[in-house]
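Heads up: the structure comes next, in structure tokens.
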Amino acid sequence: MMASLFKRTLPVLAVLAAVSVGACSTNPATGDQSFTAFMSPEDEKRIGAEQHPQILEEFGGAYQDPQLNAYVNSIGARMASVSERPDLNFTFTILDSPVVNAFALPGGYVYVSRGLLALADNEAELAGVLGHEIGHVTARHSAERYSRSVAVSLGAGLLGAVTGQRALSDLANLGGGLYLKSYSRENEFEADSLGLRYMTAAGYEPSAVAQFLASLGAQTDLQARLRGAESSSNDFNLLATHPRTLDRVREAQQATGSLAPGRVEREPYLRQIDGMLYGDDPEEGFIRDRTFIHPTLRFRFVAPPGFTLINSSDRVEGRRGDEMAMVFDGVRETSGMPMSQYLQRWAQNARLSGLQDITVNGMNAATAAAAVQTQQGVANYRLIAIRADSSHVYRFVFLGSAGTLAANDEELRRTTYSFERLSEAEASSYRPLRLQVVQVQPGDTIDSLAARMPQGPEQRARFQVLNGIDSNAQLQPGMLVKLVVE
């Protein structure tokens with residue numbers, strides 16, 4: 001049996017060995033050998049060009065500010081010009097997304113979100129982010145990652161075919177899929193090292209990389225507190241695709257050697273982002289403390305006291321610690337069926353109780369309590385469905401223990417009946433949030449400046465994270481700081 005298995009496996013190993021030996025190339029950025037058998041430089045350019053429109057569609061499109069786009073492109077072009085691939089014709093795009101994010105496609109397509117621009121404090125920090133992404137491109141990390149995943153899949157398929165063990169093939173394919181979820185530690189280290197090299201060559205202060213990463217960590221911690229200790233986000237963000245730490249960045253700095261100090265360019269950077277849209281795009285609605293307003297679809301509602309709201313492209317999530325959570329969304333529904341019937345169809349796998357038709361500010365609606373059996377036990381919900389017009393239904397789901405939902409029944413009713421349609425004049429009266437860069441005046445403090453921003457939880461912390469300062473920072477008259485204003 002072992003001899004037979006050996007004879008069947010040997011051709012597979014021979015094929016994989018032949019591919020591996022013939023497919024290693026010298027990395028243009030690092031000088032090391034890398035496995036890029038299944039994606040040529042021509043493929044990288046083609047794939048990047050094909051994926052670029054899809055990236056724009058998925059991440060909110062390009063932010064429409066010609067001056068700011070030209071500024072970011074000038075920094076990117078300066079960094080790319082000192083890389084090993086200045087001929088690659090890099091494309092730098094600001095994504096119209098509030099999520100702090102940056103990534104690159106093969107072929108030189110580099111993206112940063114306006115959320116990242118808001119968090120960064122100076123030009124050197126932005127240059128560090130762009131340099132890191134350029135490093136991924138010049139080191140051909142996408143080609144290497146893709147080629148290794150194909151090799152894993154190829155080897156698994158061949159091995160499964162000759163051994164007849166489907167489970168073995170599936171397991172190996174799973175490993176290949178997991179490999180694609182984020183860059184490896186080695187890739188991140190290389191991109192950090194290359195980014196620091198490019199920063200130094202372009203004349204920027206290399207320590208800005210660590211400063212930005214510290215701000216990113218503080219922002220991530222703040223978001224975790226706002227969402228609730230037990231909650232998590234599905235947002236595609238910088239830490240999800242770039243598992244970096246301060247220790248790793250400092251390790252890359254040490255490996256790179258002595259780096260010459262350079263310019264920071266804080267004031268020019270802040271002047272460029274002054275007035276930039278902040279937070280949610282008005283096309284997706286926005287949050288004011290506990291109120292959610294959608295000026296385009298023309299409605300609003302107020303969440304129960306103590307709730308923190310988080311907006312995404314398809315829903316609004318809310319949480320009050322670990323006690324209670326909510327989800328609000330909208331769906332297209334044109335059947336015209338009674339809302340109690342619709343609610344039954346919506347919650348078809350739940351045990352409903354207390355189902356009743358109601359009227360919310362002149363709109364037909366229905367509500368019911370629901371219980372769903374899960375692996376952790378019975379989950380208890382309060383469901384509300386509201387027909388806003390002939391084609392749209394809006395839905396609330398509140399989750400908590402049966403006792404908590406009962407004790408907060410009056411608050412949930414207030415939220416339900418707070419849902420209302422807005423007139424055109426009311427909708428147009430709401431303005432999106434924007435960044436405002438101001439000079440610190442004598443007597444200004446962290447608290448006094450934070451108080452000028454829209455009310456909400458963690459107001460002082462939001463000001464500190466936005467400006468990259470800690471609680472002991474001394475604000476000097478004349479220095480520039482960022483505020484969020486309506």
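In what follows, every heavy atom counts, from backbone to side chain, and hydrogens, waters and symmetry copies are set aside.
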Using a 3.5 Å distance criterion without hydrogens, assess whether the side chain of Thr415 forms a donor-acceptor pair with backbone atoms of Val302.
yes
Report, one line per pair, each donor and acceptor closer than 3.5 Å where one atom sits in a side chain of residues 212-219; sequence neighbours left out.
from   : atom 1 : to     : atom 2 : distance (Å)
Ser215 : OG     : Gln211 : O      : 3.4

Side-chain contact test, heavy atoms from C-beta onward, threshold under 4.5 Å: evaluate it for Leu56 versus Thr93 and give yes or no.
yes
Any heavy-atom pair between the side chains of Arg319 and Ile310 that's under 4.5 Å?
no
Tell me, please, which residues at least two apart from Tyr111 pass ring pair (Phe, Tyr, Trp, His ring centres under 6.0 Å).
His52, Phe103
Not counting sequence neighbours, which residues clear side-chain contact (heavy atoms from CB on, under 4.5 Å) with Val393? List them please.
Val331, Glu333, Met339, Tyr342, Ala385, Arg387, Arg395
Heavy-atom donor-acceptor pair, Lys482 side chain to Gln436 backbone, under 3.5 Å
no
Expected output: side-chain Thr359 to main-chain Gly362 donor-acceptor under 3.5 Å:
no
Please report the shortest heavy-atom distance between Tyr394 and Gly330, naming the atom on each side.
CD2-CA, 3.6 Å
Nearest heavy atoms of Met79 and Ala202, plus distance in Å
SD-CB, 3.8 Å
Give a yes or no on whether Arg78 atom CZ has more than 12 heavy-atom contacts from other residues, nucleotides or ligands under 6.0 Å away.
yes
For the aromatic rings, using the six-membered ring if either is Trp, is the centroid distance between Phe328 and Phe299 under 6.0 Å?
yes
Tell me, do Glu424 and Arg298 make a side-chain contact under 4.5 Å, heavy atoms counted?
yes
Flag the pair Pro305 / Arg290 as yes when at least one side-chain heavy-atom distance between them is below 4.5 Å, and no otherwise.
yes
Nearest heavy-atom approach of Leu105 to Gly48 is CD1-O, 3.9 Å
Who are the side-chain contact (heavy atoms from CB on, under 4.5 Å) partners of Ile469, not counting sequence neighbours?
Ile446, Phe463, Gln464, Asn467, Ala473, Leu475
When rounded to the nearest 0.5 Å, the distance separating CD of Glu284 from OG1 of Thr296 is 9.5 Å
Pairs satisfying salt bridge (charged side-chain N to carboxylate O under 4.0 Å, His left out), at least one member in residues 56-71, at least two apart:
none
How about His132 and Asp192: does a side-chain donor come under 3.5 Å of a side-chain acceptor?
yes
Polar side chain donor-acceptor pair, Arg382 to Asn408, under 3.5 angstrom
no
Check for a donor-acceptor pair, side chain of Ser193 on one end and backbone N or O of Phe189 on the other, with a separation under 3.5 Å.
yes
Taking the side chain as every heavy atom from C-beta outward, state whether Asp389 and Arg421 have any pair of such atoms under 4.5 Å apart.
yes
Kindly write out the residues that satisfy salt bridge (Lys or Arg N to Asp or Glu O under 4.0 Å) with Glu267, not counting sequence neighbours, or none if the list is empty.
Arg271
Considering residues at least two apart in sequence or located in another chain, which fulfil the salt bridge (Lys or Arg N to Asp or Glu O under 4.0 Å) criterion with Glu420?
Arg300
Apply ring-ring contact (aromatic ring centres under 6.0 Å, His included) to Phe286 and Phe292, showing your working.
CA-CA 6 Å; Phe286 42 75; Phe292 178 76; 7.9 Å; no
Side-chain touch Leu116/Val129, heavy atoms, less than 4.5 angstrom
yes
Does Asn73 reach the main-chain N or O of Phe92 with its side chain, forming a donor-acceptor pair under 3.5 Å?
yes
Set of side-chain contact (heavy atoms from CB on, under 4.5 Å) partners for Arg414, sequence neighbours left out
Glu410, Glu411
Tyr109 side chain to Gln51 side chain, donor-acceptor N/O pair below 3.5 angstrom
no
Verify whether one side chain among Tyr198 and Thr138 offers a donor that lies under 3.5 Å from an acceptor in the other.
yes
Which atom names give the shortest non-hydrogen contact between Gly108 and Val137, and what distance separates them?
N-CG1, 3.7 Å
Can you see which heavy atom on Leu270 is nearest to which on Asp121, and at what distance?
CD2-O, 3.9 Å
Could you list all the salt bridge (charged side-chain N to carboxylate O under 4.0 Å, His left out) pairs where at least one residue sits in residues 451-477, not counting sequence neighbours?
Arg225-Glu458, Asp447-Arg460
Check whether any side-chain heavy atom of Glu190 sits under 4.5 Å from a side-chain heavy atom of His136, and report yes or no.
no
Looking at side-chain heavy atoms only, is the closest gap between Ile386 and Asn361 below 4.5 Å?
no
Under the rule for side-chain contact (heavy atoms from CB on, under 4.5 Å), what residues qualify as partners of Pro457, not counting sequence neighbours?
Leu226, Asp289, Thr308
Please answer whether the main-chain N or O of Val99 pairs with a side-chain N or O of Ser113 as donor and acceptor at a distance below 3.5 Å.
yes
Closest non-hydrogen contact found for Val110 with Ala104 is CG2-CB, 4.1 Å
List the atom pairs, with distances to 0.1 Å, where a side-chain N or O of residues 272-283 and a protein N or O form a donor-acceptor pair under 3.5 Å, not counting sequence neighbours.
from   : atom 1 : to     : atom 2 : distance (Å)
Asp274 : OD1    : Val437 : N      : 3.0
Asp280 : OD2    : Asn311 : ND2    : 3.3
Asp281 : OD1    : Glu283 : N      : 2.8

Under 3.5 Å, is there a donor-acceptor pair linking the side chains of Glu123 and Tyr71?
yes
Does anything in residues 95-115 pair up under salt bridge (charged side-chain N to carboxylate O under 4.0 Å, His left out), and if so which pairs, sequence neighbours excluded?
Asp96-Arg114
